[in-house]
Each structure stands twice: as structure tokens, then as C-alpha cells.
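Read through the structure below, which is laid out as C-alpha cells, and then see the notes.
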Amino acid sequence: CNLQPKDAAKMPESAWKLLFYTLSWSYGIYLLFFTDYPFFYDPPSVFYDWKKGMEVPTDIAIAYLLQCSFYGHSIYATAYMDTWRKDSVVMLLHHVVTLTLIALSYAFRRRLLSLSLSSSSLLLGPCSASRGDSQGAPGVVAQSSCPSPLRAFSLPCRFWFRLYWFPLKVLYTTCHSSLQSVPNIPFYFFFNALLLILTLMNIYWFL
């Protein structure tokens, strides 16, 4: 593709992320729009009838397994495999926070992953990966391999999904609606603190 050596070194990382994000995005679309789960149109429903030890449906458990595996690998990959970037430290923190949220969400049957799928990356995942980055830092590969219309489409996508839908559907639900459905829900402040940290990172990457 006549890439510069620095760009060529990033291509395997970008190709891997494009593959994973496209697959996870497609599975998220399936869960949200081709099943009976109402999480996208009724986000507070993730807390309806919540109780400790409740059963996790197999299709949602698969989503947890895939995401948990990916972010567990991403911690190692960011530190030892991927090209080091100016925001790599923030990326590492993001992966640790996300992995913690996913694992504890599953452990406490909070269904937060299902809710997050509805707001954060429906279109952003494939777009980010094709740019050569995973969250928001412009990758050098973007200049050589990503079509200009896709780069132009990326910015409004980032704002819409991560700075509008994520607070509207996820933060509002976990901060307010959860207390309406489960007044004494365990670890309320812990989960919301981690989600607020992710929101601050989204703001950082958007800027």
C-alpha cells in the first residue's frame, strides 16, 4: 500500500482492532435490535427486577466474555505490543477501568455492559479502528489509509455516541434510575465513579 515504515508498523494493530470492533459492533446490534431486550429504548430496564445472583442470559454472557477477554488482552497489548502514543498511559487506565466494570458488572449481575452497548460504540467502533486508533487519539495510519469522508464522519460520531448517548443513556440510568428501581443497590458510588472516569476520558479524547 506504499505506506511509510512507521505506518506499516501500526497496520497489524489497526487491522486487529478493525476486525474485533466490527464483530463486537455487529453482535451489539444483534442484541439491541434483533432480540427482545428493551435496553436501547428503555435503559432503566437493566435494573428492573434486579436481585443478587440473578441468572445472566447466555447471549449476554457471551458479550461479557468477549469484551472481558478483549480488554484483558488490551492491557498487555497497549503496554508491550502496540505502538506507544502520547495517550497510551490514559489508554492503559481506560482498559483497567473498563475491565473492572465489565468483570464486576457480571459478578453483580448489573447488566451495565448491555446498556453501554446501546450508547458508546454502535458506529464508532469500526470507524475508530479504520482510523488506526481505538479511542480518540489520531493515528498516523489515518492519514494514509482512512478515506477523508470517514475521518470527517468520525468527529460527530465521537460526540454523539460518547458525549451525548453515553451520559444520556448510561450515566442517567446508573446515577438516577438505578436508585428508583433498587433503592439500596450495592456499590452504587463505586460503579458510578468508574463510569464518570470513563466520561472524563471521552472528553479528553474528544478535545
Side-chain angles (χ1 to χ4, degrees), residues 13-14 16-35 37-47 60 63-64 66-68 70-71 74 78 85 87 90-91 93-102 105 110-139 141-142 146-178 191-207:
E13 173 190 347
S14 300
W16 157 242
K17 289 176 180 176
L18 176 60
L19 173 64
F20 176 81
Y21 283 128
T22 301
L23 292 175
S24 64
W25 170 81
S26 300
Y27 192 61
I29 291 291
Y30 162 74
L31 286 178
L32 292 170
F33 300 110
F34 295 95
T35 65
Y37 298 122
F39 302 142
F40 182 81
Y41 299 105
D42 184 21
S45 64
V46 299
F47 291 106
I60 291 182
Y64 271 99
L66 291 174
Q67 295 290 338
C68 198
F70 175 74
Y71 282 105
S74 294
T78 300
R85 298 180 172 89
D87 70 332
V90 182
M91 193 76 70
L93 178 61
H94 170 274
H95 295 336
V96 170
V97 170
T98 302
L99 183 60
T100 302
L101 273 169
I102 292 172
S105 173
R110 297 290 283 272
R111 293 183 285 194
L112 291 175
L113 178 63
S114 306
L115 179 59
S116 296
L117 284 171
S118 72
S119 63
S120 61
S121 298
L122 290 184
L123 293 177
L124 190 54
C127 190
S128 292
S130 62
R131 282 172 46 95
D133 63 316
S134 62
Q135 295 297 331
V141 178
C146 184
S148 296
L150 187 56
R151 292 203 301 268
F153 187 59
S154 176
L155 188 63
C157 274
R158 290 175 189 281
F159 177 82
W160 185 257
F161 289 107
R162 300 198 176 218
L163 297 182
Y164 177 71
W165 262 4
F166 187 78
L168 179 68
K169 288 184 176 291
V170 178
L171 292 183
Y172 180 80
T173 300
T174 60
C175 291
H176 175 72
S177 302
S178 62
F191 276 102
N192 283 295
L194 293 182
L195 289 169
L196 288 172
I197 290 174
L198 291 183
T199 304
L200 292 176
M201 292 182 186
N202 287 335
I203 295 172
Y204 165 78
W205 272 309
F206 182 79
L207 295 176

Nearest 0.5 Å, please: how far is [atom2] in [Y] from [atom1] in [X]?
X      : Y      : atom1 : atom2 : value
Phe166 : Thr199 : CZ    : OG1   : 4.5 Å
Leu93  : Leu200 : CG    : CG    : 10.5 Å
Ile197 : Asn192 : CD1   : CG    : 11.0 Å
Leu196 : Met201 : CG    : CE    : 11.5 Å
Met91  : Thr98  : CE    : OG1   : 10.5 Å

With a 4.5 Å heavy-atom cut-off, do [X] and [Y] have their side chains touching?
X      : Y      : value
Thr100 : Val96  : yes
Phe191 : Leu101 : yes
Pro167 : Tyr172 : no
His94  : Leu198 : yes

For [X] against [Y], the heavy-atom pair lying closest together:
X     : Y      : answer
Val97 : Leu194 : CG1-O, 3.7 Å
Phe47 : Thr174 : CE1-CA, 4.2 Å
Leu31 : Tyr37  : O-CD1, 3.7 Å
Pro44 : Thr173 : CA-CG2, 3.7 Å
Ile29 : Phe34  : O-CD1, 3.7 Å
Phe39 : Leu32  : CB-CD2, 4.3 Å

Discussion item. Below 30° counts as parallel, above 60° as perpendicular, anything between as tilted: where do the rings of Trp165 and Trp160 land?
Written reply: tilted

Worksheet item: Parallel under 30°, tilted from 30 to 60°, perpendicular over 60°: which one fits the rings of Trp16 and Phe20?
Response: tilted

Item to complete: Give the C-alpha distance, both sets of side-chain angles, the deciding distance and a yes or no for side chain to side chain contact (heavy atoms under 4.5 Å, CB included) between Trp205 and Val90.
Response: CA-CA 9 Å; Trp205 272 309; Val90 182; 3.9 Å; yes

Worksheet item: Do the two ring centres, one from Phe70 and one from Tyr21, sit under 6.0 Å apart?
Response: yes

Worksheet item: Residues in ring-ring contact (aromatic ring centres under 6.0 Å, His included) with Tyr204, at least two apart?
Response: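 With neighbours one apart ignored, the set is empty.
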
